[in-house]
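Okay, so here's the structure we're looking at.
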Amino acid sequence: MIILKIHTFTTMDYRPLINASKLPDVKTTIFTTVGNLARGHNAIDLSQGFPNFEADDKLKSLVTDALNNGHNQYAPMPGYFGLREVISEKIETLHNRTYDPENEITVTVGATEAIFTAITAFINKGDEVIVIKPAYDCYEPAIILNGGIPVYVQLDAPDYKIDWTVFQQKITDKTKMVILNTPHNPSGTIFSKLDMEQLEKILKPTNIILLSDEVYEHIIFDGQVHESASRFPDLANRSFVCASFGKTFHVTGWKVGYCVAPAELMKEFRKVHQFAVFCVDHPVQRALAEYLKNPSHYLDLNNFYQKKRNFFLEGIKLSKFKFKPSQGTYFQLLDYSPISNEEDEVIGERLIIENGIASIPISSFNVDNRNDHMLRFCFAKKQETLEKAVEILCKL
Ligand SMILES: Cc1ncc(COP(=O)(O)O)c(C=O)c1O
């Protein structure tokens with residue numbers, strides 16, 4: 001006789017799979033929320049930071065060539081050597097610092113992976129990391145997941161200039177890392193040579209690591225120079241400099257970037273990279289290596305985006321918004337205080353629903369979600385999109 005034992009499920013058996021979130025404060029990002037709302041209302045979308053035009057056909061056909069030429073298996077763990085070589089040459093030419101492709105350059109899954117990996121490789125429980133706000137949203141979760149403590153320096157609208165005395169006061173014997181972003185998302189400001197020299201002076205007597213997020217390195221306006229951390233010897237000796245081909249070549253969906261650092265730092269970085277992703281899309285790396293051999297492909301970008309910025313700013317000159325021209329990145333902040341007293345998230349939502357234009361409210365990047373009456377508009381858009389956006393903004 002077969003006896004069937006039937007187990008009845010009682011509440012006593014219920015064991016929650018999640019006891020406590022490792023990131024209790026992380027919610028759906030503002031980019032997703034705004035993007036969904038914009039799509040739902042068929043709004044002109046200047047919220048998210050990516051182009052709505054195509055990448056160069058030449059670059060795309062180089063990827064096709066790489067696929068057809070059989071580069072479809074794992075790339076080397078630190079990246080395709082030919083790509084690391086051209087990255088090294090590019091940095092040497094632009095910033096006069098030599099990074100050894102063998103030990104000091106790693107190709108990553110976008111700058112995001114470079115940032116996450118550098119933080120994971122060095123931040124331990126209780127380590128403090130200085131984050132300059134408003135800040136791009138991927139830094140803090142990575143710090144917190146590793147048990148670190150973000151320590152904030154809040155910049156003020158409309159200039160978003162850093163006060164180095166305030167910055168210095170935030171350094172303690174627990175400070176392990178400083179995160180810098182120039183050109184700066186969302187403010188469109190850049191760190192000057194003087195800023196970088198001040199930072200170099202402050203960090204000199206310490207063993208603090210600098211994580212320099214330079215994804216907009218080639219989008220800088222009015223003849224100004226990108227002051228990469230790799231230009232300043234004492235900064236470069238302690239820095240991870242992170243870059244993104246997505247931003248530079250209009251291919252954010254490919255998620256390929258890189259970072260450079262002195263060999264002893266990079267050795268630790270690669271220990272994490274190796275087990276997080278091992279390696280990055282091989283055919284894309286082959287294509288990028290070829291495409292980078294022509295420097296005009298990245299040096300012409302300043303001019304390309306400056307024209308877009310100028311068109312956008314010229315167009316909204318007669319609007320009620322106040323603004324300081326973006327110095328770099330493909331973002332422009334607009335101060336809506338002459339139009340409304342609303343919270344930025346409220347007006348941001350209203351502009352999507354009632355006026356058909358989407359932007360990003362800046363409060364979500366600030367300490368305690370401070371409202372500075374600023375909305376961020378991305379001008380990496382086709383001419384016709386910018387024309388429509390300008391028309392709407394001038395009517396407000
Ligand atoms: C300041 C900043 N850092 C990093 C990233 C991420 O770059 P990637 O797409 O290469 O991961 C972005 C993307 O918007 C950004 O704005």
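Each ligand, and each atom within it, is numbered from 1 in the order the structure gives.
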### Message
Ring-plane angle category for Phe53 and His250, please: parallel below 30°, perpendicular beyond 60°, tilted otherwise.
### Response
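Perpendicular, since the angle between the ring planes exceeds 60°.
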### Query
Which of parallel (below 30°), tilted (30 to 60°) and perpendicular (above 60°) describes Tyr80 and His282?
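Plane angle between 30° and 60°, so tilted.
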### Message
Would you say the ring centers of Phe240 and Phe122 fall short of 6.0 Å from each other?
### Response
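When the ring centroids of Phe240 and Phe122 are compared, they turn out to be within the sub-6.0 Å range.
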What does the N/O contact table under 3.5 Å look like for ligand 1?
from     : atom 1 : to     : atom 2 : distance (Å)
ligand 1 : 3 (N)  : Asp213 : OD1    : 3.4
ligand 1 : 3 (N)  : Asp213 : OD2    : 2.6
ligand 1 : 9 (O)  : Lys255 : NZ     : 3.3
ligand 1 : 10 (O) : Ala111 : N      : 2.8
ligand 1 : 10 (O) : Ser244 : OG     : 2.7
ligand 1 : 11 (O) : Ala111 : N      : 3.1
ligand 1 : 11 (O) : Thr112 : N      : 2.9
ligand 1 : 11 (O) : Thr112 : OG1    : 2.5
ligand 1 : 11 (O) : Lys255 : NZ     : 2.7
ligand 1 : 14 (O) : Lys247 : NZ     : 2.6
ligand 1 : 16 (O) : Asn185 : ND2    : 2.8
ligand 1 : 16 (O) : Tyr216 : OH     : 2.7

State, without any angle test, whether [X] and [Y] hold a side-chain donor-acceptor pair at a distance under 3.5 Å.
| X | Y | value |
| --- | --- | --- |
| Tyr258 | Gln285 | no |
| Asn146 | Thr120 | yes |
| Gln154 | Asn366 | yes |

